[in-house]
Each structure stands twice: as structure tokens, then as C-alpha cells.
Amino acid sequence: MTVQWTYDNPGSFSSSGINQTRSDLATAKGDYSTASEVVTGAQSIVSAWEGQAAQAWFAAVQSFTDTVATDIDRIEGARAALDSYRSTVIGIRSRAAAAIIARDDAIAVVNSSAPRPTSDPYADQEEYLKWNSEVLQAGYDQQEAETTLIGLAWERETADSVVVGALNAALPDNWTDVMASLAGVGITSVSDLSRSNSLDALAALAQRIADGEANDADVEAFGTLFGTYEHDEAAMSQLFEELGGDGTVELIDEIGDLHGGTNDAGVAAALLLLAQSVRGGLAVGSRSWDADEAEVFADAMLAANSPIDGVDANAAIAFLFNDPDGSTIGPELTYQLAVAIDEQERIDRFPLQSFNPRADWAANSLLVAEDPAWFEASINRSDMSFMPGLFDGAGAVFETLGQYPDRAFEVIGTDPAAEPRITYWYGERAWNTDGFEGPAALWFGASTVEGGPISGVEYDLAVGEREATMSIAIIDALAGNESYEAWALSAGGRR
């Protein structure tokens with residue numbers, strides 16, 4: 001904010017930092033005001049609502065607008081304090097500059113040499129007395145200037161204390177703890193917030209959370225830094241490759257544990273948003289991964305599933321792939337994980353399952369909070385013939401793979417393993433938990449492959465024939481699947 005000042009120069013000051021901060025605060029206040037206006041406007045639009053849903057909405061809106069009003073007051077207080085501080089320091093700088101000039105001029109006289117004798121002793125005496133008087137006066141002037149500078153330094157200390165207090169009031173309540181957490185991973189000042197340092201700190205905080213060793217401030221610090229880079233593909237790719245598939249699963253698993261273990265609705269909401277941000281960051285970071293990068297990451301995700309370590313990879317994977325239309329995990333990672341899940345379950349007969357399927361535990365907690373109605377319907381569909389957990393990680397991955405028609409068609413259309421995959425996943429596997437949404441989306445995605453009959457581009461006979469063979473095989477397989485009944489299908493599974 002300022003150049004470091006000293007007692008010798010209490011007016012040292014750079015306005016550029018303060019001007020930028022004032023501008024940022026003005027923008028933030030405008031954003032908060034806009035958000036408040038939008039929500040309040042929405043409240044008036046739905047004012048015809050009645051019943052519990054309306055009451056819940058109005059309560060949420062009121063809570064939001066109350067919080068926003070508090071934040072606006074804080075921001076406005078900080079901006080006003082900065083304005084006052086800027087005016088005060090400019091005044092100190094002006095007076096300090098005059099005092100410094102007076103002091104330096106006085107010092108120059110005090111340090112001047114006595115006049116040299118000449119052949120006229122009477123003139124020499126008069127000149128010496130004049131010089132001596134000027135030196136004595138300069139000494140008084142120096143003392144007065146230095147006293148003025150000390151007084152200005154005290155003013156500067158007071159001004160700094162006031163503005164720091166105002167700015168602290170505009171920060172989150174736990175900012176001191178967050179600063180301590182950032183310091184613990186090497187971020188102790190603004191100058192430390194280089195891209196390289198920030199990403200190293202981000203990885204360290206992520207690993208600390210994944211290891212179950214984080215406190216509330218660590219989680220807050222991670223969220224603060226993550227929000228800076230979550231839309232930066234290079235940064236997210238670096239972070240998640242460093243964290244690895246196992247570390248990413250453990251990170252979501254631990255955030256889920258924290259979410260399920262709190263009785264504070266506000267904390268739970270913040271943790272769900274953080275987990276969703278991590279999911280979005282992985283979608284951004286994995287967007288351009290090649291086969292080698294994706295395969296290593298995918299294998300590590302599956303290997304993280306451990307009843308000994310208490311890590312539920314099935315639920316974590318289900319959460320990370322639970323937003324195929326929004327935070328779509330990258331194509332190569334989705335493909336490699338789908339192939340790995342197929343090999344593990346269909347060939348090795350070792351399905352991806354939750355070993356302790358509790359709704360308040362691990363990523364299950366996040367999934368239930370994200371869509372409680374879907375969860376309730378899923379429980380009602382379950383017949384216990386095969387239950388991967390409260391949620392089905394394989395189904396979520398297959399559903400996301402359907403977003404990439406070429407890769408989906410490769411898996412169940414053109415790959416040499418396509419036929420046995422169809423036989424197992426559509427003809428044998430029970431999908432009650434998933435409601436057949438995963439295999440349905442995979443089939444639909446593969447059917448829209450370029451050149452196919454419903455791709456919307458020029459029809460390719462070879463592709464069309466292969467797509468027809470695939471679809472006929474899927475229909476035949478479903479006909480023999482004992483769990484493929486109307487009651488076991490979700491709305492997405494029926495499409």
C-alpha cells in the first residue's frame with residue numbers, strides 16, 4: 001500500500017497502491033449491491049408463492065440480503081478509511097517535506113567551517129561572530145525540524161493504526177487464522193504471491209486437507225487461493241497432476257467428511273461450494289491431458305479406495321463426475337477411467353464399491369446435499385441385488401463419457417472389447433442405484449458419433465452400420481437384464 005516510512009521521513013508514500021485498492025473496493029461494493037438487487041428483485045417476482053417452499057426462499061433471500069448489507073457496510077467503511085488515510089498522509093508528506101528541507105539546511109550550516117582568518121582581526125572577529133550566531137540558530141532550527149518530524153511520525157503511526165483496523169474489519173472474521181495458514185506454506189507477504197509460490201502453496205494446502213491434517217483456517221486459505229486459479233487450465237493441470245488421482249480422491253473424501261461432520265449450515269454450504277470448485281478445477285485442468293497423463297491419474301483414483309485408510313473412492317468419483325453438463329471432466333481422463341473401471345469390474349470382478357455407505361460420511365455427504373431428491377429416489381430403487389454404494393461411481397463416469405461421442409463410440413462401438421462390454425454392462429450389471437442413467441447416457445452419446453444416423457452431419461455408411469450393430473446389441477442385452485425394469489429406471493435412464 002505504501003513505501004516503508006521511517007521516523008526520518010514519515011511522509012514516504014506511494015499513492016498507486018491505495019488508488020488501486022480504492023478502485024477494487026468500489027468494484028466489490030458495486031458487485032455486492034448488484035447481487036443484492038438481483039436477489040431482492042427475484043423475491044418480488046415470486047411474491048405470489050405460498051407454503052413452505054416460499055417461506056424457505058424468503059428466509060434465504062433475507063439472510064442473503066442481510067449478509068450483503070453487512071458486507072457493503074464493511075467495504076464502504078474500508079473505502080472511507082482509505083480516503084481519509086490518503087488525505088492524512090498527503091498532508092503529512094507535505095509538512096514532512098518542508099521539515100526535511102529545513103533540517104537538512106540547518107545541518108549544512110551546523111557542519112560548515114568557521115571563516116578563515118585574514119589580515120584584518122577586527123573584520124575576522126565580526127565575521128566569526130556572525131558565523132557562530134548562524135550555527136547556533138541552525139542548531140535550534142535542526143532541533144525544531146526533527147521535533148516536527150517526530151510529531152509527524154506519531155501522526156503517521158496513528159493513521160496507519162486506524163486504516164489497518166478499518167481494513168481488518170472489512171476482511172472475513174477468520175482472516176488472521178487464514179494468514180497464519182498461508183504463512184505455514186510460505187506465503188507471508190504480498191510479494192510472496194507469485195504464480196509459482198501460490199501454486200506451491202495451493203498444492204501444500206490441498207495435500208494437508210487430503211491427509212486429514214488441516215484446520216478450519218487451512219481450508220479457508222485453500223479456498224481463497226483456489227478461487228484465484230480455478231479457471232486457469234495450466235495452473236489446474238499442474239495442481240492436480242502434482243496432487244495425483246489418489247490425492248484428489250482423498251481431498252474430496254476429506255471435504256466430504258468435514259461436510260458431514262458439521263452442524264453449522266453455513267459451514268456445510270461453504271464446504272459443498274469448495275468441493276464443487278475442486279470438481280470444476282479438475283474439469284478445467286484435465287481438459288487437454290494426453291493418454292499417459294490421464295491413465296496414470298485414473299489408475300491412482302481407483303487405487304485410492306481403501307477401507308483401511310477410510311477413503312471412499314467410489315463416492316468421490318461419483319461426486320467428481322456428477323456434473324457432466326457443467327463441470328465436464330476432460331475427455332481423455334474420462335475415457336481412461338471408464339476403461340479402467342470396466343477392466344476392474346468386468347474382467348477382474350472387483351467392482352468399485354463404497355465399503356461404508358453412510359449418507360453423512362465422505363463424499364456421500366456432498367452428493368446427498370447436492371441433490372437430496374435424487375438420493376431419496378435412488379434408495380427407493382435399490383433392491384440390494386448389487387449396490388456399489390449410495391451412489392454409483394461407474395455410472396457417473398459413463399454418463400460423462402457420453403458427452404464425448406467419439407470416445408463413447410470407441411468404448412462400446414468399435415473397440416475389440418465393445419461386444420463383451422455391452423454384454424456385461426447392459427446385459428448383466430444391475431443399475432438400480434444409478435437408475436440406468438450412466439449406461440443410457442453412454443449409449444446416447446455413442447449414437448451421436450459423427451457420421452451416424454442422428455449426428456446431424458453427413459451420413460457415413462460404415463459408421464452408421466457399426467452404430468446400428470451396437471444399438472441392436474444393447475437392446476438385446478437389456479432384454480436379458482433382470483434388473484432392467486421400469487421401477488428401477490430414473491428419469492434420465494428412461495430417456
Side-chain angles (χ1 to χ4, degrees), residues 39 52-64 67 206 209-210 212 214 216 218-220 222-223 226-227 230 248-283 301 304-305 310-329 352-382 387-397 399-400 433-435 437-438 490-492:
V39 173
Q52 291 183 349
Q55 292 171 8
W57 169 257
F58 293 145
V61 167
Q62 188 59 54
S63 174
F64 178 86
T67 302
I209 297 170
D216 292 344
D218 292 330
V219 176
E220 182 72 20
F222 173 72
F226 194 89
E230 63 180 306
T248 301
V249 164
E250 290 163 5
L251 175 62
I252 289 297
D253 185 86
E254 182 61 25
I255 294 175
D257 276 344
L258 295 172
H259 180 274
T262 183
N263 294 319
D264 188 317
V267 172
L271 288 167
L272 176 58
L273 286 173
L274 178 60
Q276 290 170 335
S277 293
V278 171
R279 177 171 63 198
L282 178 60
M301 291 181 84
N305 203 41
V311 178
D312 186 346
N314 174 62
I317 288 171
F319 178 82
L320 288 168
F321 285 80
N322 196 43
D323 188 18
D325 295 319
S327 298
T328 315
I329 306 301
L352 178 62
Q353 288 180 287
S354 297
F355 49 86
N356 187 12
R358 285 173 38 189
D360 62 345
W361 187 76
N364 288 318
S365 174
L366 301 171
L367 286 157
V368 172
E370 195 163 52
D371 196 345
W374 196 98
F375 168 67
E376 183 177 352
S378 168
I379 293 298
N380 292 334
R381 286 193 302 268
S382 177
M387 189 173 179
L390 300 182
F391 298 88
D392 194 334
V397 174
E399 185 173 0
T400 301
T433 301
D434 177 77
E437 287 192 12
S490 70

For [Y], is there any backbone N or O sitting under 3.5 Å from a side-chain donor or acceptor partner on [X]?
X	Y	result
S327	D323	no
D312	F355	no
N314	Q353	no
S365	W361	no

Could you list the donor-acceptor pairs under 3.5 angstrom formed by side chains in residues 260-268, with sequence neighbours left out?
from: T262; atom 1: OG1; to: D264; atom 2: N; distance (Å): 3.1
from: D264; atom 1: OD1; to: G266; atom 2: N; distance (Å): 2.9
from: D264; atom 1: OD1; to: V267; atom 2: N; distance (Å): 3.2

Problem set entry | Test item: side-chain donor near acceptor, D392 and T433, under 3.5 Å | no
Minimum heavy-atom distance [X]-[Y], with the two atoms named:
X	Y	value
N364	A315	OD1-CB, 3.5 Å
I252	A363	CG2-CB, 3.9 Å
A369	H259	CB-CE1, 3.6 Å
G393	I317	O-CG2, 4.1 Å

What is the distance from atom [atom1] of [X] to atom [atom2] of [Y], rounded to the nearest 0.5 Å?
X	Y	atom1	atom2	value
L271	L366	CG	CG	8.0 Å
E254	I209	CD	CD1	8.5 Å
F391	D371	CZ	CG	8.0 Å
D253	L258	CG	CG	10.0 Å
L274	F222	CG	CZ	6.0 Å
F321	T400	CZ	OG1	6.0 Å

For this session: Evaluate the criterion salt bridge (charged side-chain N to carboxylate O under 4.0 Å, His left out) for residue pair E370 and R279; output intermediate values, then yes/no.
Result: CA-CA 13 Å; E370 195 163 52; R279 177 171 63 198; 2.5 Å; yes
Exercise. Among V278, L320, L282, which residue meets the side chain to side chain contact (heavy atoms under 4.5 Å, CB included) test with L251?
Worked result: V278
